[in-house]
Structure formats: structure tokens, C-alpha cells
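Heads up, the thing below is written out as C-alpha cells.
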Amino acid sequence: MTRIFLLALSLFIGAPVAYAKEYGKYDVTKVRTIVENKAGNQYGIDLKYLDPILHDLGMHARNYPAQFDTPQERQRAGQDVITISRILDVMVSEPKASPELLLRAGFINMVGRNLDIPGAADKASTNFTKLLKAEPSHAQGNYLYGTFLAGEGKTKKAVPYLDKALAAGVADAAYTLGMAHLSLGNKQKALESFEEFKKRSPFYDESVIKHIADIRSDLAKPKKKQKQ
């Protein structure tokens, strides 16, 4: 996997981005490669073909609900997710599955969760857990798992993973942390996280500035005295 697509995954999961164009049309069977040899067929994954599809899916379904122009476009994306997930299932079922394939399997099933595909959330959780058991400090793994947990409503559980991702240099984790702390009612930490995101990443829009302004305004208001 090239660095550019690792970056692309993070940009279209947690951080606010402009709405995407129509979801593309892909022959997702090309994701799996087959090499014939004397020992039999050897299967692999074409990452150069897979990663742009993940990028595209992330632009449309990074959060719930997913956003597509038409029901037909959403249906096509859903079928692609199911097919890719099944292909990756075989590759990550090995005891020593590649961390980078586990990352992608977790991501595709996180998208599946946002497309209401039955069983996708459980598969995403399994993939991310397996990845982080093998590599606890995996930066993108911590970021995506933290984002996934936040999307599941498990915000308190998500925060340590997002903290670890941010410490490892994943700038977009700061935005997701801001949203997590905001939902938990910790406005001071939310403010610090949004400001950190704004400082670290050039990819932000007016919503980030608005979050910062709104929180500062709320924190500046005099606290109401509780009745004795």
C-alpha cells in the first residue's frame, strides 16, 4: 500500500471534506489476483486497484448515514463492499494475516456498517481487534478503530485509541477526538482537540472554525449558580 492511499483513508473518515462526486463503477473481482504455478493457484490482492475504491467509498460512506446521489449508486456501492469483504475474508483468516490487509478489511466493513449491511459491524470489530493485537501501536489501525467505535456510540472506549493515533501523528484523529469529547460533554477537551486539528491539518472547512467559535462562546458564559 502506498502512503498516499493510507493518507486518503484517514482524510475521508474523520475529517470534514467536500461532498464527493458520483461513486465510480468498478470491476471489484479484479481486487483478487491469481498466479498459476506448479504448486497450484496462488491468490493475492491488487492494492493498486483496491485502494482507490476504498478512497471512493470513504468519500461517500465515511459516516452514518452514507450519502449517495441515487439509490442505484448506493446499491452498487453496497454490492462492491460485500464482494470486496468476502475476498478479504479469505486473506485475513490466516493466523498471521497482514496488518495492512486487516486494516483494509476493517475499513471496508466499517463502510458496510454505514451501509446497513448485516454482520459488517461485527466483522469490522474483529478485523481491527486482530490488527491491534498484532500491532498495538499501529497508527492508522488505532485511528480507524477509534473512529469505528465512536460511530458505534462507544465514545468513551474510542478515546484511548484516538489519543494513541494522534500521538503517532495521525492529524485527523484530533477532529474525531473533538467530536468525541463534545458528545461526552467535555467542551474544554473538545476545544483543545479542534484547535489541534486546525493546527496540524490544512484540510479543514468552516465547520471546524464554527465548532471552535461555538465552544469558546459556551465556555465564556458565566456558569449558573446551583440552587441550595
Side-chain angles (χ1 to χ4, degrees), residues 1-35 41-94 97-128 130-131 138-148 151 165 170 172 176 203:
M1 178 176 176
T2 58
R3 289 175 181 258
I4 186 171
F5 289 121
L6 269 175
L7 176 61
L9 287 180
S10 68
L11 290 180
F12 295 107
I13 295 297
V17 295
Y19 181 59
K21 61 182 181 180
E22 179 185 4
Y23 174 67
K25 295 181 180 180
Y26 305 97
D27 179 1
V28 293
T29 61
K30 292 182 178 179
V31 166
R32 181 171 58 183
T33 61
I34 304 175
V35 177
N41 292 338
Q42 183 177 352
Y43 297 94
I45 299 294
D46 186 345
L47 299 183
K48 290 184 179 179
Y49 194 77
L50 172 61
D51 286 343
I53 302 174
L54 300 184
H55 182 172
D56 199 353
L57 286 166
M59 292 179 71
H60 292 85
R62 68 187 185 275
N63 294 314
Y64 188 88
Q67 297 188 36
F68 294 90
D69 289 337
T70 66
Q72 292 78 14
E73 186 182 339
R74 178 190 172 101
Q75 184 178 24
R76 186 172 74 250
Q79 190 57 55
D80 285 352
V81 168
I82 291 171
T83 302
I84 294 171
S85 177
R86 287 173 178 169
I87 292 171
L88 290 177
D89 280 349
V90 177
M91 304 301 294
V92 301
S93 63
E94 299 294 329
S98 162
E100 299 311 320
L101 286 184
L102 285 166
L103 181 74
R104 289 164 172 81
F107 175 75
I108 196 72
N109 284 295
M110 183 167 69
V111 169
R113 185 271 312 271
N114 293 339
L115 290 172
D116 300 313
I117 294 174
D122 289 339
K123 288 172 70 173
S125 181
T126 297
N127 295 143
F128 287 134
K130 188 175 181 179
L131 165 60
H138 195 289
Q140 290 290 336
N142 278 287
Y143 171 59
L144 291 182
Y145 189 40
T147 302
F148 168 77
V170 182
D172 291 321
T176 314
F203 301 99

Completion exercise
Output for pair (Ile87 CD1, Leu50 CG), nearest 0.5 Å, gives 8.5 Å

Exercise for the section: Identify, with sequence neighbours excluded, every residue that meets side chain to side chain contact (heavy atoms under 4.5 Å, CB included) alongside Ala66. Expected result: Ala61, Phe68, Arg74, Leu115

Exercise for the section: Nearest 0.5 Å please: distance from the CG atom of Asn142 over to the OG1 atom of Thr147. Expected result: 10.5 Å

Fill in the blank from the handout: Heavy-atom closest pair (Phe107 atom, Leu144 atom, distance to 0.1 Å) is CB-CD1, 4.3 Å

Exercise for the section: Check the pair Thr176, Tyr143 against side-chain contact (heavy atoms from CB on, under 4.5 Å), reporting the backbone distance first and the verdict last. Expected result: CA-CA 9 Å; Thr176 314; Tyr143 171 59; 3.7 Å; yes

Problem - Distance (rounded to the nearest 0.5 Å) between Lys21 NZ and Asp69 CG - result: 12.0 Å

Exercise for the section: Any salt bridge (charged side-chain N to carboxylate O under 4.0 Å, His left out) involving residues 80-92? Give me the pairs, sequence neighbours left out, ordered by first then second residue. Expected result: Asp89-Lys123

Practice task
Grab the two heavy atoms, one from Gly151 and one from Arg113, that are nearest each other, plus how far apart they are.
Solution key: C-NH1, 3.6 Å

Handout entry: Min side-chain heavy-atom separation Val31-Tyr26 under 4.5 Å
Key = no

Exercise for the section: Kindly determine whether Asp51 and Leu54 satisfy side-chain contact (heavy atoms from CB on, under 4.5 Å), including the steps that lead there. Expected result: CA-CA 5 Å; Asp51 286 343; Leu54 300 184; 3.9 Å; yes

Handout entry: Leu102 to Asn127 - nearest heavy-atom pair and separation
Key = O-CB, 3.8 Å

Practice task
State the CD1-CG distance between Ile84 and Leu57, to the nearest 0.5 angstrom.
Solution key: 6.0 Å

Practice task
Go through the structure and list residues passing side chain to side chain donor-acceptor pair (under 3.5 Å) with Thr29, not counting sequence neighbours.
Solution key: Asp27

Handout entry: Main-chain N/O of Gln79 paired with Thr83 side-chain donor or acceptor, under 3.5 Å
Key = yes

Problem - Steps toward side-chain contact (heavy atoms from CB on, under 4.5 Å) verdict (Leu47, Arg104) - result: CA-CA 10 Å; Leu47 299 183; Arg104 289 164 172 81; 3.5 Å; yes

Practice task
For the residue pair Tyr145 and Leu103, establish whether any side-chain heavy-atom pair is separated by less than 4.5 Å.
Solution key: no

Practice task
Search all heavy atoms of Met91 against all heavy atoms of Ala97 and return the closest pair with its distance.
Solution key: O-CB, 4.0 Å

Exercise for the section: Compute whether any side-chain donor of one residue and acceptor of the other, for Tyr64 and Asp116, lie under 3.5 angstrom apart. Expected result: yes

Problem - Heavy-atom pair of closest approach, residues Glu22 and His60 - result: C-NE2, 3.8 Å

Completion exercise
For Gly24 and Asp56, the nearest pair of non-hydrogen atoms, with its separation, is N-OD2, 2.9 Å

Problem - Ile117 vs Asn109 side-chain heavy atoms within contact, under 4.5 Å - result: no

